[in-house]
Amino acid sequence: MIKSIIKYIKEVLGGLKSLLKGMRVTGYYISHPKEIITQQYPENKDTLKMFDRFRGEVILLHDENNEHRCTGCTACEVACPNGSIEIISERVLNPETGKKKKEIDKFIYHLSMCTMCNLCIESCPTDAIKMGRNFEHAVFDRSLLTSVLNRPGSKLAPGVED
Amino acid sequence: MKFDIYDFSVLTKSIHESLNSMMGETAVMISEMVIVGIIFLTLFAVLGLILVYVERKICAFFQQRLGPMRVGFWGTAQTLADLIKLLLKEPLITKNADKFLFNLAPFVLIIASFMAMAAIPFAKGLHAFDIDIGVFYITAISSIGVVGVLLAGWASNNKYSLIGAMRSGAQIISYELSVGLSLLTIIVLTGSLQFSEIIESQREGWWIFRGHIPALIAFIIFLIASTAETNRGPFDLAEAESELTAGFHTEYSGMKFAFFFLAEFINMFIVAAIGATVFLGGWMPLHFGALESFNAIMDFIPPIFWFFGKTAFIIFLMMWFKWTFPRLRIDQLLTLEWKYLLPINLINILVMAFFVLMGWYF
Amino acid sequence: MIREELKNKIISFGIEISFPKEDETPFLTLSVNPTHLHQLAKQLKEDTSTSFDYMFCQTGIDWLENMEIVYHLRSTSHGHEVVVRTQITDRENPTVDSVYDLWKTADFHEREIFDLLGVRFNNHPDLRRIFLDDDWEGYPLRKDYVDEINIVEL
Amino acid sequence: MSTEVVNEIKEQEYFINMGPQHPSTHGVLRLLLSLDGEIIKNVEPHLGYIHRSIEKMCEKDTYKMIVHLTDRMDYLSCHMNNEAVCLAVEKGIELEVSDRVKVIRTIMSELTRLSSHQLWWGVMGMDLGAITSFLYGFRDREMIIDIFEETCGARLTMNYNVPGGVMFDIPNNFQKRVKEFIIYFKKKLPEYDDLLSNNVIFKARTEGVGILSKEDAISYGVTGPSGRASGFSCDIRKQHPYSAYDRVDFKEILYSEGDCFARYKARIDEMWESMFIIEQLIDNIPEGSARETTRAVIKLPKGEFYQKVETARGEFGVYIISDGKKSPYRLKFRSPGFSTLNALNTMAKGSKIADLVAIMSTIDLVIPDIDR
């Protein structure tokens with residue numbers, strides 16, 4: 001009888017103690033406002049730095065002369081698991097050599113289908129594309145997610161195909 | 001006594017007299033009722049707005065977040081914005097719901113908490129309804145609220161709502177006992193059920209300090225039981241978000257949902273106010289026997305601040321519970337009441353009665 | 001138990017089995033006629049020296065000329081593993097005995113194979129489609145399944 | 001009311017659809033509960049709300065493409081899923097990866113396991129009503145996710161493994177950051193115990209609830225921490241050591257109770273073990289190439305390749321049946337959640353709705369893993 005009463009009291013006190021322990025943890029955090037981890041997103045945009053390897057979108061690199069390195073070999077198109085890259089190429093007459101040469105007309109990229117798996121960048125033999133760090137892709141119209149990556153009037157950089 | 005400088009009865013008496021000089025007895029009564037009603041409605045709305053904001057902020061700080069920050073300075077207008085959103089929302093009623101009861105339920109709940117509010121003494125003389133069985137009145141009125149919950153659960157024609165409502169019924173009926181008995185422990189000391197007298201009896205010191213360990217135990221039991229009675233976590237089985245999606249108010253939207261929400265917070269305020277009144281001396285300032293100058297400084301703080309301060313403290317404790325503990329299961333909830341709180345409470349009353357008989361309190 | 005011993009032990013059950021692709025696979029692989037499958041499975045599970053009490057994978061394969069069910073078994077007490085294969089020649093309406101009574105995990109796995117490959121399991125307690133709608137036509141994992149709308153040929 | 005009517009009412013089953021939209025089914029799982037009051041008589045899971053037929057898609061994809069699909073199955077242990085496919089493919093083309101890759105893979109796997117368990121811990125608390133634990137779990141997980149982001153550029157669907165190695169070599173401050181995390185998390189993990197494990201309410205909610213016997217665990221194929229809590233020794237890292245698990249020292253966590261609390265403790269203990277494994281490896285990552293060159297389109301020889309790994313949820317198996325082409329003839333994923341869900345009815349029968357929530361969160365289901 002006495003034993004069971006002692007056990008009962010121990011149970012109650014032990015339970016209360018465990019509850020107080022839990023309250024100590026939360027109590028610590030409310031009394032230490034410095035521990036707050038929330039970041040106010042649009043306000044901290046200036047200090048927000050994405051990591052170099054962050055995979056946000058596929059971009060086609062252009063240099064200052066508006067030249068890119070894409071030869072239109074469609075290796076990325078083949079490597080893409082979701083069909084998010086479409087390359088439309090055309091044969092252009094090269095005035096110097098007089099031969100017809102393949103050149104990209106449109107490098108179409110469907111962001112809505114892309115899973116950022118990095119396989120296209122891996123497959124590119126000329127390092128023409130890379131992953132961009134932009135992550136704010138929200139738009140109001142789905143068609144805006146499809147974009148042509150090569151800038152108008154851009155050309156293949158010389159020396160890439162050699 | 002010095003702290004009578006903030007006696008509100010002077011003000012209320014003068015208003016009463018000036019009204020009397022203007023009109024007849026019935027007209028005075030009606031106009032006074034209207035004034036009190038308007039004051040309480042305003043208090044109701046303001047308290048609701050503040051408490052919701054405070055709850056969200058405190059919850060956020062417990063969780064290392066910032067909480068609402070966008071609307072107004074530090075998100076102060078957030079609840080107002082929410083209110084506007086709720087007002088503009090379409091009130092939906094489920095098919096085959098009992099429309100009359102469905103619409104009635106939130107009002108039952110809110111009227112119950114409104115009536116309970118009347119008996120709370122905010123400061124000396126600032127007391128709408130100083131009934132001589134105040135404690136009894138409050139425990140009786142606050143159990144009407146469960147009718148609203150049951151109605152809501154039944155009328156919604158939703159199985160989750162029904163389970164939630166039934167849980168709530170079982171819960172509130174059980175925990176009424178503990179709330180009543182823990183208050184009774186202090187009534188043994190005061191010898192009166194009237195709130196003004198309970199407060200007067202604490203002029204020398206609050207019961208939680210003067211009543212030895214039994215008073216402390218009673219206070220802890222009161223905290224637990226009142227948290228359960230207001231359906232707040234860790235006893236929020238009636239709405240149990242992760243089990244019953246939202247429990248009895250799953251099907252409510254718009255302003256009717258807001259009523260449930262408001263009633264929850266007002267109920268929390270009411271039980272905290274009762275706890276503050278009975279255990280922590282209501283609007284009585286903090287006094288230490290020998291420290292005259294300290295007591296004098298304390299007296300200059302208006303009693304209304306003391307009252308709201310103590311209430312806020314208890315509300316904070318209840319929020320602390322909610323944001324720390326996991327939820328109980330329904331059978332454990334009833335086990336806690338019938339196997340732990342009730343026996344401890346009964347023994348506690350006996351001990352307290354013994355103390356009073358021997359005169360072993362300060 | 002080493003592989004050879006296990007092999008001899010299983011042969012001693014006296015059930016007609018063969019050992020295809022002997023050296024290619026990491027697991028000991030045995031092939032059995034679907035009619036004897038349940039008998040063999042029962043022996044494999046209940047014999048104390050084999051006691052394959054844990055089936056960790058059950059796969060259905062459409063080989064176009066037949067359907068194959070592959071059982072990956074493991075003994076938790078001995079730590080050895082075995083692969084049991086069974087070929088069902090009737091590809092259009094394949095049926096095989098359920099092993100639910102031996103390994104309860106077969107409940108979902110068999111429902112999945114029924115759902116996606118259309119293999120019927122006798123004595124399965126609740127053989128319904130598990131992923132697809134009840135009124136879905138065809139069995140998507142069969143090689144001749146065509147769905148011009150949803151399957152995009154790259 | 002006449003007794004007949006009363007009896008008829010008593011015999012009627014009370015059905016509740018828990019899900020597909022329900023806060024505690026963690027995704028789009030639908031459970032059809034038949035109840036007697038609050039007591040569960042039967043649970044019937046209805047699957048397929050997010051079935052994407054990944055196995056069918058794999059039959060069209062090259063092996064390199066398949067890796068990124070496994071991210072989308074059990075997204076909380078994506079690295080281990082990737083690893084399973086890569087190991088199976090490497091087995092097929094008989095490619096031995098360098099020690100450096102093995103160690104990196106092991107560290108990343110354990111970090112993934114930690115992050116998965118942290119998320120599970122948070123969600124577990126939330127399911128039982130302690131919402132604060134959710135935020136604490138995510139807070140700690142964020143540190144690991146940041147390490148992932150710096151290492152492989154993605155936070156959740158990492159796709160870090162490729163057949164032949166890892167996609168990038170580890171960044172320079174990888175070791176430093178992981179060590180910082182270990183020091184940080186060793187301080188935080190006892191907090192988890194204070195907040196939930198030792199809490200009297202939590203214990204009452206989980207102890208003796210949802211018991212799964214060892215026999216049932218084996219028969220149903222309940223693996224991972226859930227299976228080990230029932231005493232079923234099923235750690236693939238011990239049985240078939242892959243990557244660098246054969247050179248590290250760690251304990252296989254085994255409990256015999258098989259209830260929710262044992263499953264909970266198994267995961268908490270596993271977090272300690274994971275940290276212990278990382279500590280052993282982080283300081284001696286061997287030099288070597290982080291990636292062996294493979295052909296642009298990998299072709300597996302004709303044959304069958306089975307590889308199992310231990311993910312955060314249990315045994316994950318990849319069964320590749322190749323006919324010598326660039327994509328598999330048939331590919332089967334043995335996902336741990338699928339078998340675990342099968343045992344739900346056995347665990348939940350006779351308990352209350354609130355218990356079902358506790359069971360659901362302790363078996364730690366990820367629905368895309370089940371539906372595939």
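A, B, ... follow the sequence lines: proteins, then strands. Residue 1 opens every chain.
Neither the backbone nor the side chain of A/E11 comes within contact range of chain D; no heavy atoms are under 4.5 Å apart. Using a 4.5 Å cut-off between heavy atoms, A/A79 touches chain D through its backbone atoms (N, CA, C, O) alone. Looking at A/R133, there are no atoms closer than 4.5 Å to chain D (heavy atoms on both sides), in backbone or side chain. Residue contact with chain A, scored on non-hydrogen atoms closer than 4.5 Å, involves the side chain of D/T132 exclusively. In this structure, chain D has no heavy atom under 4.5 Å from any part of A/S123. In this structure, the portion of D/V162 lying under 4.5 Å from any heavy atom of chain A is its side chain and not its backbone. Both the backbone and the side chain of D/M167 come within less than 4.5 Å of a heavy atom of chain A.
Of the listed residues (A/M131, A/E122, A/M23), the one with the most heavy-atom contacts under 4.5 Å to chain D is A/E122. Of all the listed residues (A/K21, A/M50, A/R24, A/K17), the one sharing the greatest number of non-hydrogen pairs under 4.5 Å with chain D is A/K21. Of the listed residues D/T62, D/L196, D/N199, the one with more heavy-atom pairs under 4.5 angstrom with chain A than any other is D/N199. For chain A, the option among D/R155, D/E142, D/K203, D/K188 with the highest count of heavy-atom pairs below 4.5 Å is D/K188.
The two residues D/M65 and A/V78 have their closest heavy-atom pair at CE-O, 3.2 Å. In this structure, D/P171 and A/R53 approach most closely via the heavy-atom pair CD-NH1, 3.5 Å. Annotation for D/N159 and A/C117: closest pair ND2-O, 2.6 Å, computed over non-hydrogen atoms. Between A/V25 and D/Y136, the shortest heavy-atom contact is CG1-CE1, 4.1 Å. The shortest non-hydrogen separation linking A/R55 to D/A154 is NH2-CB, 3.9 Å. Nearest heavy-atom pair across D/F168 and A/N118 is CZ-ND2, 3.1 Å.
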Exercise for the section: Verify salt bridge (Lys or Arg N to Asp or Glu O under 4.0 Å) between A/E35 and D/R139, making sure each step is shown before the conclusion. Expected result: CA-CA 11 Å; A/E35 299 256 355; D/R139 170 197 69 195; 5.6 Å; no
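Looking at A/L16 and D/V200, their side chains never come closer than 4.5 Å, going by heavy atoms from C-beta outward. At a threshold of 4.5 Å between non-hydrogen side-chain atoms, the residues A/M116 and D/T157 do not count as touching.
Around the CD atom of A/Q39, the shell of radius 6.0 Å holds no more than 12 heavy atoms that belong to other residues, nucleotides or ligands. Annotation for D/N172: atom CG does not count as buried by contact number, only 12 or fewer foreign heavy atoms lying within 6.0 Å.
Here the CD atom belonging to D/E150 is positioned 4.5 Å from the CZ atom belonging to A/F51, to the nearest 0.5 angstrom. Once rounded to the nearest 0.5 Å, the distance linking CG of A/N82 with CG of D/L69 reads 7.5 Å. Going from atom NZ of D/K64 over to atom CG of A/L119 covers 7.5 Å, rounded to the nearest 0.5 Å.
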